[in-house]
Amino acid sequence: MIRVLLVAVPVVLALVGPLFVSDDVPRGAPFMPNSALGTDFVGRDVWQQVLLGGQTVVLVALLATVFSYAVGVPWGVVAAMSRVVDDILMRPLDLLLAVPSLLVLILAAAIAGPGLPVLIGVVTLVNFPDVARISRGAALEIAARPALEAMRLQGESWWRTSVVYTGRSMLRTLAADAGVRLTGALYLVASASFLGVGVPPDAADWAVMVDRNRVGLFLQPWAVVVPALLIVALSVGLNLTFDRALRKEAV
Amino acid sequence: MTVVHVEDLRAVAGERVLVDGVSFALAAGRVLALVGASGSGKTTTGLALLGEHAPGVTVTGRVSVSGRVGFVPQQPAGALNPVRRIGGVFREIAAVLDGDPESLIATALRRARVPAELLRRFPHELSGGQQQRVVLAQALVGDPAVVVADEPTTGQDPITRAEIVDELASVAAQGVAVVLLTHDLDVVRALADEVVVLRDGRVAEAGPVALLDAPRSPYTRALVAAQPRVTVPFDGAEKPPLVQVNGLTARHRKTVVLRDVDLSLGAGECLAVVGRSGSGKTTLARCLSGLHARYDGSIRLAGEVLPRSLRRRSRTQLAAVQYVFQDPRSSFDPNRTVLAQVARTAVRLSDGGEEEALAGLAAVGLDEATVRRRPPGLSGGELQRAALVRALLARPDVLVCDEITSGLDTLTQASLLDLLADLPCAVVLVSHDLAVVARLADRVAVLHRGDLVEHGPASAVLGSPTHPVTIGLLGRAMEQEKRT
Amino acid sequence: ATPAAPQASAPKAGGRLRAAFAGGGAKEVLDPHLANLFVEAARAKAMFDKLADLGADVSAQPRLAEKWEPDATLTKWRITLRDTKFHNGQPVRAEDVLASYARILDPNRAFRAKSSLSLVDLANSRAVDARTVEFALKRPFIEFPNALAAFGAYIVPAGAEDFSEPVGSGPFSFVSFEPGKSVVLKKNPDYWEGAPHLDELEFVIANEESARANALLGGQVQYAHDLTPTTARSHTDGRIAIHRSPNSAVQAFAMKLDRPPFDNRDLREAMFLLADRQQLVESVLAGSGQVANDLFGKGYQYYADDIPQRTRDLDKAKFLIRKAGAEGLTVRLDTSTAAAGMVEAATVFADQAKGSGLTIEVVTGNKDSYWSDTLKNGSLSSFRSGAMPIETHIAQRLLSDSGTNVTKWARPEFDELYRKAVSTVDVGERTSLYREMQRSLHAEGGYLMWGFADWIVGAAPNVGGISTAPANTLDWARFDKVWLG
Amino acid sequence: MTRYALRRLAIGLVQVLAVVTAVFLLVQALPGDAAVALAGDNPDPRRIEEIRAAMGLDQPALDRFGAWLSGLARGDLGVSLVSGRPVVEFLADGLGPTLILAVVSLVLLVPLSVLLGVVAALREGGVVDRVLTTVTVGLHSIPEFALAVVLIAVFGVQLGWLPPTAVGADLLAQPQVLVLPLVVLLARPVCSVSRLVRAGMIDALASDHVRHARRLGIGEQRVRFAHALPNAVAPAVQQLARTTDWLLGGVIVVEAVFVIPGLGTILVDAVAGRDLPVVQGLAVVFAVTTVLVNLVADLVGFRLAPRSAVVA
Ligand SMILES: Nc1ncnc2c1ncn2[C@@H]1O[C@H](COP(=O)(O)OP(=O)(O)OP(=O)(O)O)[C@@H](O)[C@H]1O
Ligand SMILES: Nc1ncnc2c1ncn2[C@@H]1O[C@H](COP(=O)(O)OP(=O)(O)OP(=O)(O)O)[C@@H](O)[C@H]1O
Ligand SMILES: [Mg+2]
Ligand SMILES: [Mg+2]
């Protein structure tokens, strides 16, 4: 129940929140406690910003995670198929892993300029080598399984062996990874804001709110606490859900 | 002196009764064998002696053991910690016992015939037989009153199997009571003083080992009767070759595991491949069926060279050679129903469908309700039969079977052998069990460390073996034969 | 609601003050001619002197130069030096002044003061005697003292090239330097303006504003440079004292006059009228500043304070937009995080333009190349500038040949007015020329200057003598006048 | 094993070169250059040109890279464009604080995350496990700066128990300034490592060999820590390597908030200032540490999982 609430509250807020925001938001002085959650660092209503700000966080984190898997899983699976392809595909990733992810983040964001697509791209770029490595490991193990060999003996199509069976068998490994990876994506989005890359400094975005409103922590703590709690709730909820799903499957 | 006393042992998992009123007693230095079909409750009873039970199982009844119990689990590989050196674990075991650890360990190693230099190794650096002895030695540290050995010979070649039997015999001779859980009646005959036959958790029959020769209960009689014997078969007529293997040299990475093997097999014949563990039998079978592509030389089917890799085999070629895996469970996808998976062969390779699959499965005694379950819901024997049907639905010219009878009780095994004997296609049978080989094979190939050391008609190879390995393998089998 | 900076007790000698500044990391150097960042400027000021510096009204005040006298053509300036010494005991001589300027003007180097001093004709300048320099200028220039006060125009001993242990004539002398971390200085008891109160002064680097504030709150430093209004508001319990320097920076939007749509005067006026300056000051500067009147340098010498303040007039703006035929037009407002508050101001302004018929679309660009991009591209962009004399502002940004003419304001008659002003000796006449220039800028210029930001400095309550002069002027960050009470 | 290590080092050398080249290209691709960065607000284009010439940035990029590479071959990392100081000095300045932070973090991280992982695994699905999951995952998802801000506000400013920053402090002489930064630094890796330990421990505790070890009469504590744990930490070692990498690569946020001038700060400043030789020097340091750390992790991994050595 708690688990469900932890996930549902932020997700619902993120999805339907923007519908409840009126267009002409009165601007006031920054960090004033004059409404339910007060005003933020440029005098906007914090509650309105909370309603607006979930979409990007949830979207960026989810999309970046999805893209990391969309790129990383086929990458790893293809690499697992042949030794030659393996070297061609995996060596460059070692390289990418050898550059600290924050340097990648700073450089990529500086080159491409701000914007959500860039942020999603960068978070994907930082994450997918790891996903590729994990998938490659899982796929290598699956490829050696008699079940897959049996399917090949049956003359099964590439689609059924490589995609349906391999994909499905990797689910457990990937699910175990996904919770932490989503959390990592949320964190990267937030850190990007701290470093001033990827998002406009006054974007309505929970992660940006946490960063930009922290100067007003003593005046108007809600402007930091509410978005931070929403991010934490989402991460914790997702991880508990994945844990539970894995435990169920293991039984 | 009675060291084990079991009275009215019951084990229940939910509604299901796994063990129902089992009682027996055992004196020091004696060997008691618990025999019975797969799933009859042997392991459950054995574990009860240790005061253990599987999760979800409730055990009632009286179990009293005077002294410690040592346990030799079914798979020694799994019981050894991959990251710990052998010696370290021995010292830990000895540390919790009274007495000088060094001498305790030395005694146990001597009794299990484990050379002391193995102590510095990791488990993966040992052969299967060595692992088995190490586990036995662990059980023997500090003079246990009882040793429970669970399926100690399953999957071992005859030579190794005989060694294990000797070891257990010598342990018993040193005054330790041994409880042997097995379905291998030869081992029972060779070792046991007393036998308890279990059927569906109940004692079907109990008494001295001689009861196997004159069983009273029909179940025991069936078990004993189903056991195949090593007999020298008659020569069949020579047939034109269907499969020809020329100069086959196969590698795993850089190690050569098969060296220059030449073989041939006629249509409808059965070729048995025998040899000690690690001699290259599975590799040969996998080369034939296209699962192992790293080899030199050629494999021809009806005169045509077979592509090395499955990917390059045409549908007819795929259908022509089929393979049945040693471990049926891992060859099924646990997420789809058995029927769905078996039927795929018909769909892909012989334009059939689910009806044919159902018919084929029914023919081996698997009803629809069973096969509509997913693999975890079937027993090992059932899955083995389903795997066989899966291969047969392709209507192959050659069926390659890797060790498909090990781990099955005699009754299940017998029905499978009948099925194989009636197949119209050629069969390549990889097996440790010479009795099975003798029953089915027209030709026999003996592998030793990657070399084909003997190859010819079954009557010739089994009747007058020339290579020492063949003699060794056969000799051990015959020896056991003689004991009965 | 800001507490008045508590004036600490009477001046007291002794003690060590730690001042936290944002820094440039390990790239900082102690060469005063290379000074670029605030911390470098403050350190240079503590160890070196310029001939002149900017006073509270941002006009040049004599420093190392005791006095200056132009000749009638305004092309020969005679400067008398104070009788003082460098930290190594050598006197400050005319030769050192000429050598310092020669170093700055070296054609192969790129010191910041170079362009300000470029009108000095070095070949014809000379040392009259040890304490008198005669500068020859390439053209008449009454504001030459502004050049002497230029950022980075410090006097160093002749021949100085190695600044790992710098020697200057300033109120503090060098003790130690850890790049990116700290600089320790000690008092120069022989300083010509009187010895500093402090015995020792340490500059420490903390790039994060919150870190500077926290270090101050935690007692780890006694002076924190450049705090936000929010921090100032957060700590009103007397644990720290807040010092504000008004008119330290101007915030603006720049429209380009040489291209559509802002080549249309009506549209520019409409923009002027659209801005709700009070709201911008409230929400972007958090109230820590004042409304501006589209003119640079409020409170500075020559500022035209007689021009009435513009206020928002939406109806008139709508009318003008319609008149300019710009109804339904979308204008792109380029901004970036290159300077604090620019993006926020852009968003607020875009909101204010809603319902005017004109749509403002805020585009956040790359911060690293923003200033060079904004010079060439776009038609409307965010702008911010620190304090400098109004003359300098005009010379750098508003003449036809100015290097950083963002608004592309290029008018021969305006250039002529400027030329006239800088060659007019009479102050009253000069002032009226500056006012005329400012009137035309106010009426039809390209800068929509909406606010002046306060500069905020925090200090421990016991620190006295902190001035509230605008940033970059003489009394800003001037630690020889500061004491620990 | 030695041959394996040597081969890896050779590959590592190629990787370092590739990283350096990639970083060079990336920095070239950045908008603006050191001259633009140095010119500051409202720069005069003429001045930018002058600075460019003074820095030698008017030379073709390829020539500059070539010169830098040949310097590298002689063990010379060049001098900073902006300050003219040798790059080696920068790295030496930043390495001290970074090493102190990294070493102390690791010394605390390993036992702490192993302990938490083991405790959670022993109580799998129970209240303790869920609380630990919630707390560690919660900490994992809070951005570092948010955690730092709260800790500083509470313990540094309001309660005044600990110094809120490390400004101007000598890290070794005043270890109390390290307390808050370490708490922030540890929050994330403790989660990722302890969750891996937990997962590994759950698998290991359910394994046949652990069950068998219990049967052999080995004490429960020994079974847990000498039999199950070594199997559980093998996957965590890889994660530890990545953490070490991250710690050595400069922990930008923590360094900024607590004013600890380490490699991360130098990196950010150098990128912002387009000080290419310094960025390149840092890239060399990061790439070399990555190669070494991963090599060490793999060697430790082989020790922990002897079977994999056969495969490698
Ligand atoms: N936890 C459990 N819940 C329900 N049934 C179980 C459980 N554990 C074992 N069983 C069932 O109990 C029966 C007896 O199992 P046991 O392992 O004792 O058989 P066995 O005689 O050792 O068989 P095998 O020869 O295959 O090893 C089997 O049918 C098995 O499926
Ligand atoms: N994947 C592998 N990598 C490396 N060596 C292997 C691999 N698989 C098998 N081998 C080695 O190849 C040799 C032959 O193996 P194979 O599996 O063919 O033996 P087998 O005769 O089937 O033995 P068993 O009776 O134990 O099943 C053995 O020495 C084995 O260790
Ligand atoms: Mg069993
Ligand atoms: Mg085999």
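Because the structure is predicted, anything quoted here is derived from the model rather than measured. Below, chains carry the letters A, B, ... as their sequence lines are ordered, and counting in each starts from 1.
- Here the straight-line distance linking atom OG1 of Thr236(C) with atom CZ of Phe218(A) works out to 11.5 Å at 0.5 Å rounding.
- At a 4.5 Å heavy-atom cutoff, the contact between Val348(C) and chain A is made by backbone and side-chain atoms alike.
- What you find for Ser283(C) and Pro30(A) is that their closest heavy atoms are O-CG, 3.5 Å.
- In this structure the side chain of Thr347(C) never reaches within 4.5 angstrom of the side chain of Val42(A), judged on heavy atoms.
- For Gln352(C), no part sits under 4.5 Å from any heavy atom of chain A, backbone or side chain.
- Each of Leu217(A), Leu219(A), Val215(A) was evaluated against Ser234(C); a single residue qualifies, Leu219(A), per the side-chain contact (heavy atoms from CB on, under 4.5 Å) test.
- Although no hydrogens or angles enter the test, the distance criterion places no donor-acceptor pair under 3.5 Å between the side chain of Arg233(C) and the main chain of Gly216(A).
- Between Glu344(C) and Arg212(A) there is a salt bridge, with a side-chain nitrogen of the basic residue lying less than 4.0 Å from a carboxylate oxygen of the acidic one.
- Shown here is Arg3(A), whose CZ atom has more than 12 heavy atoms of other residues, nucleotides or ligands within 6.0 Å.
- Remark: side-chain polar atoms of Arg214(A) are not paired, donor with acceptor, to backbone N or O of Ser210(C) under 3.5 angstrom.
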